[in-house]
Amino acid sequence: MAVVDYQTEPRPAEIASGDLNINDFAIIVATPNGSGSQTANNTLLRAFFNMGIPVTGKNLFPSNIKGLPTWYSIRLSKDGYQARRHKKDILVAMNPATAQDDLKDLEPGGVCLYPNDSRMELARTDITYYPMPVKELVKNSGVGVDLRDYIANMVYVGVLAHLLGIEIAQIESALSKHFKGKAKAIQVNMGVVNAAVEWSQANLQTPCQFRCEPMAQTAGKLMLDGNTAAALGAVFGGVTVAAWYPITPSTSVIDGLNDYLPRLRMDPETGQPNYAVIQAEDELAAIGMVLGAGWAGARAMTSTSGPGLSLMAEFAGFSYFAEVPAVIWDVMRMGPSTGMPTRTSQGDILSAYFLSHGDTQQVCLLPGSVIECFEFGYLAFDFAERLQTLIIVLSDLDLGMNQWMSDTFEYPEQPLDRGKVLHAEDLKQIESWGRYRDVDGDGIAYRTLPGTNHPNAAYFTRGSGHNADAKYTERSDEWMENLDRLAKKFQTARTILPKPLEMNHENATAGLISYGSNDPAVIEALDRLREQKVNVAYQRIRALPFAAEVGDFLAKYERVYVVENNYNGQMAQLLRMEYPAYAARVVALANCDGLPLTARWITEAVVEQEG
Amino acid sequence: MAVVDYQTEPRPAEIASGDLNINDFAIIVATPNGSGSQTANNTLLRAFFNMGIPVTGKNLFPSNIKGLPTWYSIRLSKDGYQARRHKKDILVAMNPATAQDDLKDLEPGGVCLYPNDSRMELARTDITYYPMPVKELVKNSGVGVDLRDYIANMVYVGVLAHLLGIEIAQIESALSKHFKGKAKAIQVNMGVVNAAVEWSQANLQTPCQFRCEPMAQTAGKLMLDGNTAAALGAVFGGVTVAAWYPITPSTSVIDGLNDYLPRLRMDPETGQPNYAVIQAEDELAAIGMVLGAGWAGARAMTSTSGPGLSLMAEFAGFSYFAEVPAVIWDVMRMGPSTGMPTRTSQGDILSAYFLSHGDTQQVCLLPGSVIECFEFGYLAFDFAERLQTLIIVLSDLDLGMNQWMSDTFEYPEQPLDRGKVLHAEDLKQIESWGRYRDVDGDGIAYRTLPGTNHPNAAYFTRGSGHNADAKYTERSDEWMENLDRLAKKFQTARTILPKPLEMNHENATAGLISYGSNDPAVIEALDRLREQKVNVAYQRIRALPFAAEVGDFLAKYERVYVVENNYNGQMAQLLRMEYPAYAARVVALANCDGLPLTARWITEAVVEQEG
Amino acid sequence: MATTKAPVAKPKINLLGFEQAEYKGGPSTLCPGCGHDSISSRIVSVCFELGIQPYQMAKFSGIGCSSKTPAYFLGRSHGFNSVHGRMPSVATGALVANRNLVGLAVSGDGDTGSIGLGQFKHMVRRNVPMIYIIENNGVYGLTKGQFSATADIGQKLKYAGLNELPPIDLCTEAIIGGCTFVARSFAGDPKQVEALLKAAFSHRGMAVIDIISPCVTFNNNEDSTKSYAYGKEHEERLHDMTFVPAREEITVDYAEGEVKPVTMHDGSTVILKKLENAYDPTNRLEALTRLEEARANQEFITGLIYVKPEGAPTIHDMVHMTDQPLTQLPDSKLRPSREALTSVLQDLL
Amino acid sequence: MATTKAPVAKPKINLLGFEQAEYKGGPSTLCPGCGHDSISSRIVSVCFELGIQPYQMAKFSGIGCSSKTPAYFLGRSHGFNSVHGRMPSVATGALVANRNLVGLAVSGDGDTGSIGLGQFKHMVRRNVPMIYIIENNGVYGLTKGQFSATADIGQKLKYAGLNELPPIDLCTEAIIGGCTFVARSFAGDPKQVEALLKAAFSHRGMAVIDIISPCVTFNNNEDSTKSYAYGKEHEERLHDMTFVPAREEITVDYAEGEVKPVTMHDGSTVILKKLENAYDPTNRLEALTRLEEARANQEFITGLIYVKPEGAPTIHDMVHMTDQPLTQLPDSKLRPSREALTSVLQDLL
Ligand SMILES: Cc1ncc(C[n+]2csc(CCOP(=O)(O)OP(=O)(O)O)c2C)c(N)n1
Ligand SMILES: Cc1ncc(C[n+]2csc(CCOP(=O)(O)OP(=O)(O)O)c2C)c(N)n1
Ligand code: SF4
Ligand code: SF4
Ligand SMILES: [Mg+2]
Ligand SMILES: [Mg+2]
């Protein structure tokens, strides 16, 4: 391969003498959407992972199929931090349209790689630039014209491999995983990588201050997104009916089901599916199917995002009042209305909790990691059937669609909780039965399933007023009795849902509450705060309605920061509402720019008030 | 007319000697639904009204067309109280199916009229019973068989006229109004009334302790329901497009439009309607039409109730975010899901305020009287166009469908507020224009209407991310700028919406907040409380988001009772949420049994804590 | 001393040993004379006569007077009175969850034709195997008399005024949507309603029966095509129908060529006695044409308008689900093994 | 000294004096080669050529790649990019509010056929006067390739797998619903798309044009009936079309009997040159039959499938509204007088 022209790197002196940064930096790859950078980015991510370095990957993509800007960021963190980094260290500027802005987001002393034919203005002088001969390397690769655009991205993989010291074997193994062992594809891509490495070795002699070195921090860990974990959880939770309508960023929950169900849930006897996944005509139909199936006794779920959640409001109230188990995975995205469908946010907290008219309140789960996506994937069904009501799992785009490093998943130790169901044999034992009688004092009544072979099994399910025996009523006393029981059931929910998790700092002077995908940023921020001698105790809420522990935590601190990724500080609002005695302690720290929260933002926001 | 058999009245001695009650009692008429008692009840109501006695009428009807129990209650109150009375004084027991229960709801010393062929058990001994020869009187009336069921109800009108001393001329005038002067109908009905009076005169000599006497308290007052008032308000507010889907108890808002629009809004030039009322195929379509019309520049509205409101959630968020004026009259009814569709409640406060996903918050109006239904009927359009957003007017079944005595309506003094609209002439004057630019610093931008004859008029309305110039964006900075402006606009709303009204008691030791149709019960309760030396100041909230005065009121009292007609104490929750500093003062007094609140319940609830 | 007791007449029982009472529901709260009540009675007798296991039946409805009726029949069967216009999705979910359930849905013209048109059409498309009855009265009964989407154009109602919108023909909609059993009948024609219902129970796939069912309170004026008087006067049966269950021998006796027997999927037979025309309900294009003509000429045709006797693949076929109802799978089939988890996690390491 | 300047070629202008550029929109962000972009171009040229006043136009869409396109044409016209599947109601409201607006809607097969089917059908029923284009690619483009309700039965897609549901034919749905202008075309047939668009602008009432518009990213395999290759190979035009505006004389020259001229409501003429068969698009039953046959034989017919040249009463007629757009009524016509209030209150005293 011919050594190509090489443009001088404008490298300021002070950086040249800077310290080496090992395994603690963030890379951002900017490309136009649809240009096939996914393979390259996944390969990098995997290679780092294979080297044992804690790493996460986040995709920032437009609501568009081809052409608009997209970014992929990879964060290496020897300390295991997984949150978004505010600024990046290394930019791979494959998209001239955004290059100028992208440059601004680099930390001083950062590095920028770019195709040498891109006419980007090298505006910053505190950056090291590496022009890459992308065109030439691709041309020389011998790959057909139709594939060239795709493999062009492998050039930066090779250059980065050289600069950062990524093990070539790990790149190869990552590619092999990506292409599921298809030799031809691996070979073509490795060809370009190797060529880029060779070129770099020949042309880029100055050592780069960012280096990766093997660690042992990823052994036994998984790398995946929350939606896939959720799907896997649902599969192990015995989902039998999934009805859905496509919507970003929830679609990959169903994609996950369609991946894993055929593999894991074919009937051993008939070889046929032990499940049904139905694409509905819209979200009203999807939730309707889920309610029908849940009523019939299936473990049924849907997944959606904000606009779909809004469309499900009427049926959500039906589920609450007629007490039909159902599960909605709401993978939250940005904004009122259509908003920014490919940006993350936690803006559906209030609308989910109060989903539907007329004194409805819904049970919500708030997974904060891919492990919890897996666990809540099956637990959601247990809660839905135990409580005989809708469970809304509030995940978000960041947790759901980005790549997270995770401890491995434990096999669920508890058997499925199918809740209070009377079968024909049970009915034979008991004298009388009323669908909405509070026999056990926990507000949860017994139900029967259609098709139960007993003359007393049947009852009539309705969203209108009914008494304890499921008969139609418009009587105030019967109505009140039923509402009181529903309220009692809601109290029961508080006691059985996942408890909040706490990290208490000795000498904590304030508390911090957060939830969901903010967890990694908070954990990192707590370390930064401690460095600044600000000691804050942390509680992560995992379910609504609040467990008693939430009140206990509020009771302990005079100031409690509620960190969340939405505009109105919705969890803070809920806390004030539910804990009037402590309402004044609640300090909302809310941010809503479409991006995951960063430790830096949280740290600064807390220090401003606490420091 | 033959004097018919007369059954002895079991009249306990202690009551016989009781005081006379003049113009201060409540009558309840119990009938099976669809038995045509409406004419009789309206006649009674009108007759009292014509006699100058303050009176209200409430219809308690089932979700059924014929057969299920229905009740009509008429309250005479010389002091002008209009709230529901907890117990009743006079029962007209036309429905054997409920007679036993109905009897229980009488005050001791009450009176019960019943058809003498009804085999009702006269269970209570502290009641005076009057059997009425309904069958006989009707048979002798000479009315054809097909109409007998209907006019049978006129018997109790006649008997009551005799017992209570209702002026026959006023009954006749009421019937004349009811039948719009149709002589035949008036005559047939008066025939039965007169026969019943004659029979009573002959047979019921013991004077009744309940009497009505002419007063002068209704001169110049109106008698109507809130939905009709709302419709009239909308007509005078210039509604041009109303799209709706039938649902109890909101349907009569549209009925009102269909009554008044043809009378008041035919084009003087073409003689054709200056409006369009469209029955949509469902609520999603209704609100969609309203948004389309509002966007085009029409004053557009819909009316609905809980289930419909839930279905409108997605579009509601669109209106908020794309800033399209729209008006929803949500006439609230009881319950989660279908609930009790013909019972009143105020259960949609939270779901309306947070209607839609993703950080949406909606502007709501809370009319508390028929006058306010009229006023908010036109003001809602002013606010919708001024604020360029959805206005949800939260009325309820009690206010909307029951008959209230009201001061007369004033003609709106302010001209229509069409908000910030740039016409072709304006565009000629200005250099550049951006649909979402905050020119005036109030968060409200300028809009143009389709069809504006200027090359710069057009812009593209979307629910997805847009910048100040209405161009598509996914940029965090532009997104945040827009959300900040929307938040500012929401703050502006606080300053222009109807302020809360206050009734301050000197030496008040506590505050009381309420809203909507609870007002009459609260006013009455305040008098009762004062009698018990409990002095409470009262603020009635009329809009969301809260005006500054709400916070001021909370600041003043250590305990503030929030009285409302729903299960979860939703306004109390909102107050705690919005005023953390005072959250602990908020005491929720919520009741939710399907019936309007009573002064007695409020009084007792406050005394229990305050007394 | 022995006395001879008069023998108590044994109540009639069906094949399953059930009395007709077992198929009844609660007392109706509809207006006396409402067409819907007579359809409820038809459902009771047909289910009794056919010997359908009531515990295996599932009733579905939306909201409306019509949608209330499942409370008034089959009290031994579970029922789901859902929300307005969205019952099709609920029924779909339930019948996918438990494929053994025998589904029977009752809806109104408003519930199906106005708010529910989208879900109805998509349910037809999915061919959810069940009977779907529309109790069609041209108005919204429960909300007191507004026009529904099936109301006649040019009709006047006291309350609702003049209707200027053309009616939707739900039979045409069903056929176009691929439904393989589409019928129309009249609540005042009990014999035909029963024959159609019986045939529908034998159909493989979704069976739509649009029954004109007068609303005596809001739409029973003689000039309304949805009134008893109009129906009685104008009903034009496409054929006389007799249903012969698979287990019975066909004994009906007709002259050669006069009848058309249609053998259903389960071996039962519908015998159609040709009337004025030689209508062939197995020809989709003919069915559409006949409906289109009836529309143009304002005829009120009733009978089995279209049937594909062998049915068509149902949603159960399309999702290829296992034979055991999903709701009856044991937990061991619901949760894959510990090893399965280990194996899938391997890919994510 | 005089120099001769080379004459600058004057840009072509239309009747209203506008250049074609005035009809363009923002740059498209769709995939290069997407069928939708070519339809946008057709809209631009037709509006330019017909001399439609852009400020009087209103564009409507739902959500999807197709629904994004109104941002890419007619930048001088207001546009309302609404929510998924519910654009028909928005357009209805806007066009009722301002009857002078010239409405043009663009939707997708998912937006119209899946989530939006109910609203679509009800809009057809209301005959809202506007052009409704469906950019039909058989998939959900924007959400990356799931099957829509118009996808072929038996089709396989890499991402979505096998489709076992029968397709909905939106032309049939429109005709059954009472639409008086129903056409089908192909994005790869610009001449026909333009002729149909022009005719649609002359129609009185709702005009539905279902245009097969290939999704090059998710559904352009040769075996898909929604691909360019398939379309080019299988398109069967029912006729060749020429549109002659009312203001122009008909000069097209055809042999007697070979053409069928259809005179539209506004006096313009659509000249249909008969091709293989003598198809009469003014016969509703024939249209339905032809569509039904095409469905059975898997033919891809294009052209003006059904038209009632005189149109039908529109929603404007049905509500009997005044001629002046409701949005342009002066406040004096919006708020009745003080005396009017006094008079109505009289009844309530
Ligand atoms: C979402 C929603 N909108 C409106 C209603 C009010 N509503 C109840 S029944 C009904 C119409 C029923 O008409 P139809 O289906 O024809 O039944 P019918 O009463 O005529 O038998 C309406 C509009 C409702 N229950 N839910
Ligand atoms: C309520 C709601 N549900 C789902 C979505 C996600 N979504 C956006 S576009 C789309 C499908 C669009 O398909 P189609 O109308 O065929 O347009 P195309 O992209 O193929 O042109 C879906 C499901 C949404 N935006 N809103
Ligand atoms: S209102 Fe009409 S549809 Fe409803 S029960 Fe009465 S007659 Fe039947
Ligand atoms: S994904 Fe398909 S429909 Fe969407 S822009 Fe690309 S080619 Fe067009
Ligand atoms: Mg009906
Ligand atoms: Mg599409």
Side-chain angles (χ1 to χ4, degrees), chain A residues 62-63 68 306-307 309-311 313-314 316-318 320-322 332-343 345 347-348 350-352 354-361 462-465 474 476-477 479-480 483 487 566-568 570 573-574 576-577 580-581 583-584 586 592-595, chain B residues 62-63 68 306-307 309-311 313-314 316-318 320-322 332-343 345 347-348 350-352 354-361 462-465 474 476-477 479-480 483 487 566-568 570 573-574 576-577 580-581 583-584 586 592-595:
Chain A
S63 175
L68 292 186
L309 190 73
S310 282
L311 287 173
E314 190 191 11
F318 188 97
Y320 173 84
F321 186 63
M332 296 182 283
R333 66 191 210 183
M334 173 58 113
S337 195
T338 300
M340 297 201 293
T342 59
R343 295 287 186 271
S345 178
D348 299 351
L350 285 166
S351 94
F354 295 120
L355 195 64
S356 214
H357 57 277
D359 282 308
T360 304
Q361 280 181 310
R462 45 160 74 80
S464 49
E474 295 183 0
S476 292
D477 52 354
W479 173 265
M480 293 289 287
L483 282 197
N566 55 41
Y567 194 86
N568 290 324
Q570 301 189 18
Q573 287 182 293
L574 270 189
R576 290 179 187 134
M577 185 181 258
V586 172
C592 188
D593 58 4
L595 305 171
Chain B
S63 175
L68 291 186
L309 190 73
S310 283
L311 287 174
E314 190 192 10
F318 188 98
Y320 172 84
F321 186 62
M332 296 182 284
R333 67 191 210 183
M334 174 60 113
S337 195
T338 300
M340 297 201 293
T342 61
R343 295 288 187 269
S345 178
D348 299 350
L350 285 167
S351 93
F354 295 121
L355 194 64
S356 214
H357 56 277
D359 282 307
T360 304
Q361 279 181 308
R462 45 159 75 80
S464 49
E474 294 184 1
S476 291
D477 52 355
W479 173 265
M480 293 290 286
L483 282 197
N566 55 41
Y567 194 87
N568 290 324
Q570 300 188 18
Q573 286 182 293
L574 269 190
R576 289 179 188 134
M577 187 182 256
V586 172
C592 187
D593 58 4
L595 306 171

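A note on names: the letters A, B, ... follow the listed sequences, proteins ahead of strands, and every chain is numbered from 1. Just so you know, these numbers use all the heavy atoms, side chains as well, and skip hydrogens, waters and symmetry mates.
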- Checking A/E474 side chain against B/S63 main chain: does a donor-acceptor pair fall under 3.5 Å? yes

- Heavy-atom pairs under 4.5 Å with chain A, option from B/L595, B/V586, B/L574, B/N566 with the top count: B/N566

- Query: Can any side-chain N or O of A/D359 pair as donor or acceptor with the backbone N or O of B/G335 at less than 3.5 Å?
  - Reply: no

- Task: Output the option from A/S345, A/A316, A/C592 having the highest count of non-hydrogen pairs under 4.5 Å with chain B.
- Result: A/C592

- Query: Between B/G339, B/P336, B/P307, which residue shows the highest count of heavy-atom pairs closer than 4.5 Å to chain A?
  - Reply: B/P336

- Task: Please flag which part of A/T342 lies under 4.5 Å from any non-hydrogen atom of chain B: side chain, backbone, both or neither.
- Result: side chain

- With chain A, which of B/L350, B/L309, B/T360 has the greatest number of heavy-atom pairs at distances under 4.5 Å? B/L350

- Considering non-hydrogen atoms only, spot the tightest contact between B/D348 and A/G358 and give its length. OD1-N, 3.0 Å

- Note on the structure: When every non-hydrogen atom of B/S337 is compared with those of A/H357, the smallest separation belongs to O-NE2, 2.9 Å

- Task: Considering only heavy atoms and a distance below 4.5 Å, find which of A/Q361, A/M332, A/R333 pairs most often with chain B.
- Result: A/Q361

- Item | Steps toward side chain to side chain contact (heavy atoms under 4.5 Å, CB included) verdict (A/M577, B/Q573) | CA-CA 5 Å; A/M577 185 181 258; B/Q573 286 182 293; 3.4 Å; yes

- Message: With side chain to side chain contact (heavy atoms under 4.5 Å, CB included) as the criterion, how do B/M334 and A/W479 come out once you've worked through the C-alpha distance, each side chain's angles and the decisive distance to 0.1 Å?
- Response: CA-CA 10 Å; B/M334 174 60 113; A/W479 173 265; 3.0 Å; yes

- May I ask you to decide if A/S464's main-chain N or O and B/T338's side chain share a donor-acceptor pair within less than 3.5 Å? no

- Message: Which atoms of A/Y320 are under 4.5 Å from chain B, going by heavy atoms: the side chain, the backbone, both sets, or neither?
- Response: side chain

- Note on the structure: Interatomic distance, CZ@A/F354 vs CG@B/N568, rounded to 0.5 Å, equals 7.5 Å

- Message: I need the residue from B/G317, B/S351, B/G463, B/A313 with the largest number of non-hydrogen atom pairs under 4.5 Å to chain A.
- Response: B/G463

- Counting heavy-atom pairs under 4.5 Å with chain A, the top scorer among B/G347, B/P580, B/A352 is B/P580

- Region of A/E314 in contact with chain B, defined by heavy-atom distances below 4.5 Å: both

- Taking every heavy-atom pair that is under 4.5 Å apart, which of B/L483, B/D477, B/L311 has the most such pairs with chain A? B/L483

